[in-house]
Each structure stands twice: as structure tokens, then as C-alpha cells.
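For the numbers below, each heavy atom of this structure counts, side chains included, while hydrogens, waters and symmetry mates do not. Every chain is numbered from 1, with letters handed out A, B, ... down the list of sequences.
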Protein chains: 2
Amino acid sequence: MMQERNYNADDCIDNPKSVLSILTPKEKEFLKQNYTCAFYKKGEIIFKEGDKPLGLMILAEGKVKIFKEGVGGREQIVRMAKPVGFIGYRALFAEENHTATAVAIEDCVSCIVDKESVFRVMRSNADLSMSIIQSFASELGFSHARTVTLTQKHIRGRLAESLIFLKDTYGYEDDNKTIKIYLSREDVANLSNMTTSNAIRTLSTFAQEGVISIDGRKIRILDLPKLERISDLG
Amino acid sequence: MMQERNYNADDCIDNPKSVLSILTPKEKEFLKQNYTCAFYKKGEIIFKEGDKPLGLMILAEGKVKIFKEGVGGREQIVRMAKPVGFIGYRALFAEENHTATAVAIEDCVSCIVDKESVFRVMRSNADLSMSIIQSFASELGFSHARTVTLTQKHIRGRLAESLIFLKDTYGYEDDNKTIKIYLSREDVANLSNMTTSNAIRTLSTFAQEGVISIDGRKIRILDLPKLERISDLG
DNA sequence: ATCAAATTATGCTGTATAGCATGCAAAATT
DNA sequence: AATTTTGCATGCTATACAGCATAATTTGAT
């Protein structure tokens, strides 16, 4: 566990970007009485395949990858979380143990609201349930789309799509070009269903073609339309 | 549209297997006042990618495949529906147009409850919302698992898994061996992320090995443990 | 009953990509 | 500062699978 870094934990409930922002002040107050905070260093495991979900985790700070282990321990990243989003909620609401593992990509702060409190507020506020249903429905659509592209697109298309996905999820740095997340080549590969070698190779090719530029883990998108064309082409 | 075949449409709301069975008699009555029925012949399109969802469709009779079109029009089946289950509900609850196409595998009966009525009952009955959330959460877990196996397993493993999936979804005929759904080799291929040729070839191999027997579209599982081993092996 | 179209079956060829090996650079640990 | 570890880069080889062609069989339409 890392040191507290002046994080105001109540923010993850009040934050207007959160699904919880639709709650009444009273309901928010109730949740604030029933959460704890946890800190995770870069690389730390937040939860593991097989673990029992303890409550609703809200990622307050940092970035998290959620992946499944496949054939021969090969990782497939199924989701990338950002603040202020839920993590581990799928297993919680399915009343299952976790079927994926969450690892901090950066130092993270996470708030955990215990299960009973969440369920109580959901029963009192239909809007929250409706929002959660909508989130799940969108996420499921995304997952279906991902299944198709990961199975059908060629390496270039898959990588291009992943880069666009990362850009859409985390946005750009101030230069409006650098994707605001720094992944190892291995993680890029595990996101895109390819070997690390091929991720490295294909990133280099993209750089040679002037579509992106690479500086270590810093990836800058130089020609987004072309990247989109590569993704669409498949 | 096909002829009515003496189907008692109210059954799809009263059916104890349905998520709707948890509703109060009053709520059920309300839904029964607000649905219409539709009949589809084998091969007919129920809804198409891009269509706007009109309401909550309950598949009352028949079997339905839901698929997405990928690179070069190649189909990927993302779901197989059976009675009494919802169809097209993902798009409805995501407030999106359909992102997949549904086609009747057999002659089908479907009840459509209009959107407003569904949403009203959901707001009045938190248990229904909770059930729907749980369904979505399970389905999302299934989709993630599927993504991994479709990308990572080899052809034999993917086909074995698909056959087990079909058996788990539709069950056996009275002989306790024949999978209770009759798909074309093309559909089997589109479910398992492979070409039709390879589906045919691999089914033949399984038959030669005595794991299954094939008689046209009738597939009988002769050695389930072995089939599971092939699936787990990858 | 006849013909056309779709489905099933099988074989051959090409290629995308995995899998490995090797070298180098950067970072972390001592 | 020295050494170990980790990550990046690139080339070579093997192979799983797609893609196509052809033929046989079944299904559906007229």
C-alpha cells in the first residue's frame, strides 16, 4: 500500500462524471458513511480471477487494466478503466467470483462501497439501477464488437483499433497528439490479441509510415484519419 | 408472417422460466395489456443491424441466432436465443440502434412489450431491475470468456466449445445425445470463428474419432468428457 | 418430375502470424 | 560502479488456417 497523497476520497462519489452523481444528497451522504479507501502501486494486483468481490470499487485515481488468462497463461485485456469508473462491478452484480484480474497501470486510489449499501441505494433509487443497466448494455455491445474485430481483423487493423481505443478512453496529453497512457509493448499486444514481437514490429511499421511516432512508451498519433482507415480496412 | 399455431401468447409473461415471473400479478396484467405478437418463418430476419428497437421482444417459441457482420461481411454469431428469453434487449436498454442482426433458426413466435411499459414496470419493481442487471452482468462475463476462447483456442478447441455451448443452451433430444438444434455447417462455423470448410472438416474428424456422430445436421455427442478435454486443451 | 440452387465434402496452395533465437538498450538492484 | 533484470528490436522458421477449386449430395422451386 502506498502513501496517502492528499486525495479527497469523497470526490469519487460527488464527481459529476460518476454514475453516482444522479443520487440525492441524502443517498450520497449514506454512501460516504459506508466506504473505505485503498491505495495501489503501479503493477499491484487489485483483484484476481477467483476472488470474491467485496463491494463496489470506484477507481478514484490512476489507470487499471482488466484481463483474463487464456490458453497457456496468455493474457487478454478485456477492459481499461479510468477515473471515476467502477471496477470489479461485473462480478459483484452477477453474484459471481471475479472472472478477470485487475492490475494497476499507474499508482491508484480506489474507494470500496460495501455491497449491502450499494444494493440498498439501488433499491431506493430506480434511476441508479437504470443507469447501471444502460452501462452494462453499452459495455456488452462494446464487448461484442471487440470479439468481432479481435477475431477477424488482421494485425495492422487490430493494432490501429487498439490505439484509437486508448486515445478515446484516455485522451491526449497537452500536445493533442500523445496518447495519455503509457503501456508496455506486452500490454499493447495483450490488448490487441497478438504477440509482443508483432506489437513491436507493427508499431515500428506504423512509425515508419508516419502514422504514429514512438518514443519509448510514448505514442503520438500523427495521422488519425490514416489510422482509422487502417482500422476500418481490417 | 406465418400462420398462428395455437400459441397462448400470455404464456411468455407468465412462464416461470422468464425473468418476468418475479413480477406481481398486477404488473403482469399491465404488461399483458401492452404487448403484440409476431410470427417469423425459419430464415426470416427479426431485426437488423441499424434498426431501432421498438420494445422488449420475448422469444416465446423457436430458436434465434444473433450475429454481427465483420470484415468482408463475415458473420460472427454472438448469441443464441431460446424460449422464454429476451431478444434485442441490449440495444433497447443501451438506448442505441441494434448493433447485431437476429434471424430465426426455426419458425418463431415473439411477443413485443412496448418500451414505455417495460420501463414503467422496471421503475415500479426494483427486483426486475436487479434481475436484469444480473442477467447483463452474466452475459458480459460470457462475452469476455468467449472473446478469449475465440481468439486463443485452436480450431478443434473452438469447435468443441461451441458444441458444448449448444448442448448447454438447447439441451439434448429424448435420446440424451442429439443436440437439440439443427444448424447449417456455415452457422456452426460462424459461431466458432472459422470457415465453413474447416467446420465441416473438423466435425468429420470428431466423428472419425468417435467423439460425436453426424447425420446431416443432427449432431450426437458420444463422448462428452473427451469433447470437454478437447475444449479445455485449447 | 425436373431443374436450379444451396449445402456438404475433400483436396491443394498460399500466407499471416506464432514461436523462437539473438542482440542491444535501459532500468533497477546490489 | 558493477551486475542483473527487464523491455525493445529484428530476423528466421514452422504451421495453423484461410482461400479457392471441384465434385457430390441434398434441398427447394416450378
Side-chain angles (χ1 to χ4, degrees), chain A residues 41-44 65 70-76 103 105 148-162 181-209 212-219 230 233-234, chain B residues 41-44 65 70-76 103 105-107 148-162 181-209 212-219 230 233-234:
Chain A
K41 276 198 160 162
K42 177 176 168 177
E44 262 190 288
K65 65 169 172 176
V71 182
R74 205 172 129 203
E75 284 182 18
Q76 176 63 51
V103 168
I105 297 280
V148 174
T149 61
L150 287 181
T151 54
Q152 298 196 357
K153 283 187 184 178
H154 286 179
I155 275 206
R156 287 170 59 87
R158 297 204 302 268
L159 182 61
E161 186 179 290
S162 290
I181 187 172
Y182 300 87
L183 293 176
S184 68
R185 301 291 192 267
E186 193 180 359
D187 281 337
V188 172
N190 292 342
L191 181 64
S192 316
N193 182 34
M194 61 184 67
T195 56
T196 307
S197 318
N198 276 326
I200 292 167
R201 236 186 295 268
T202 313
L203 281 172
S204 298
T205 312
F206 283 179
Q208 275 163 40
E209 293 169 357
I212 63 171
S213 78
I214 42 181
D215 174 15
R217 294 187 177 188
K218 187 179 278 191
I219 299 174
I230 296 172
L233 218 128
Chain B
K41 276 198 161 162
K42 176 177 169 176
E44 263 191 287
K65 64 170 174 177
V71 180
R74 204 172 128 203
E75 284 183 18
Q76 175 63 50
V103 168
I105 296 280
E106 310 171 345
D107 292 355
V148 174
T149 61
L150 288 180
T151 55
Q152 297 195 357
K153 283 188 184 176
H154 286 178
I155 276 205
R156 285 170 60 88
R158 298 203 302 270
L159 182 62
E161 187 179 290
S162 289
I181 187 172
Y182 301 87
L183 293 176
S184 68
R185 301 290 191 267
E186 194 180 358
D187 281 338
V188 172
N190 292 342
L191 181 63
S192 316
N193 181 35
M194 61 186 66
T195 55
T196 306
S197 316
N198 277 324
I200 292 167
R201 233 186 295 269
T202 313
L203 280 172
S204 299
T205 312
F206 282 179
Q208 275 163 39
E209 293 169 357
I212 62 170
S213 79
I214 42 182
D215 173 16
R217 294 187 178 187
K218 187 179 280 192
I219 299 173
I230 296 171
L233 218 129

Rounded off to whole Å, could you give me the CD-to-C1' distance for the A:Glu75 and C:dA18 pair? 18 Å
Answer whether the closest heavy-atom distance between the side chains of B:Arg158 and A:Thr151 falls below 4.5 Å. no
Can you tell me how far P of C:dA16 sits from CZ of A:Arg156, to the nearest Å? 12 Å
Is it true that a side-chain atom of A:Gln76 and a backbone atom of A:Asn190 form a donor plus acceptor pair closer than 3.5 Å? yes
A:Gln208 has an atom CD; how far is it from atom P of D:dA9, in whole Å? 11 Å
Calculate the interatomic distance between A:Ile155 atom CD1 and D:dA18 atom C1'; express it in whole Å. 15 Å
Degree of bending, the helix from C:dA1-D:dT30 to C:dT30-D:dA1 (end axes from five pairs; round to 10°): 50°
Pull out every protein N or O sitting under 3.5 Å from an N or O of nucleotides 22-27 of chain D, one pair per line with the distance.
none

Nearest whole angstrom, please: distance from the P of D:dC8 to the NZ of A:Lys218. 15 Å
Could you identify which residues of residues 193-207 of chain A place a heavy atom less than 4.0 Å from some atom of DNA chain D, listed by residue number, or say none? A:Ser197, A:Ile200, A:Arg201, A:Ser204
What residues, two or more places apart in sequence or in another chain, satisfy salt bridge (Lys or Arg N to Asp or Glu O under 4.0 Å) together with A:Glu186? none
Which of D:dC8, D:dA16, C:dA16 is nearest the side chain of A:His154? It is C:dA16
Is the shortest heavy-atom distance from the side chain of A:Asn193 to the side chain of A:Arg74 under 4.5 Å? yes
Starting from P on D:dA9, measure out to CD1 on A:Ile214 and report it in whole angstrom. 5 Å
Nearest-Å distance, CD (B:Glu186) to P (D:dA18)? 14 Å
Out of curiosity, B:Leu203 CG to B:Asn198 CG, how far, rounded to the nearest 0.5 Å? 10.5 Å
Pull out every protein N or O sitting under 3.5 Å from an N or O of nucleotides 23-25 of chain C, one pair per line with the distance.
none

I want to verify a distance call: between C:dT17, C:dT8, D:dC8, whose nearest atom is closest to the B:Arg217 side chain? C:dT8
Atom CG of B:Asn190 to atom P of C:dT7: distance rounded to whole Å? 12 Å
Can you name the side-chain contact (heavy atoms from CB on, under 4.5 Å) partners of B:Lys218, sequence neighbours left out? B:Thr178, B:Tyr182, B:Asp215
Closest-nucleotide ordering on DNA chain D, the 5'-leading residue of B:Arg158 and B:Lys42: B:Arg158
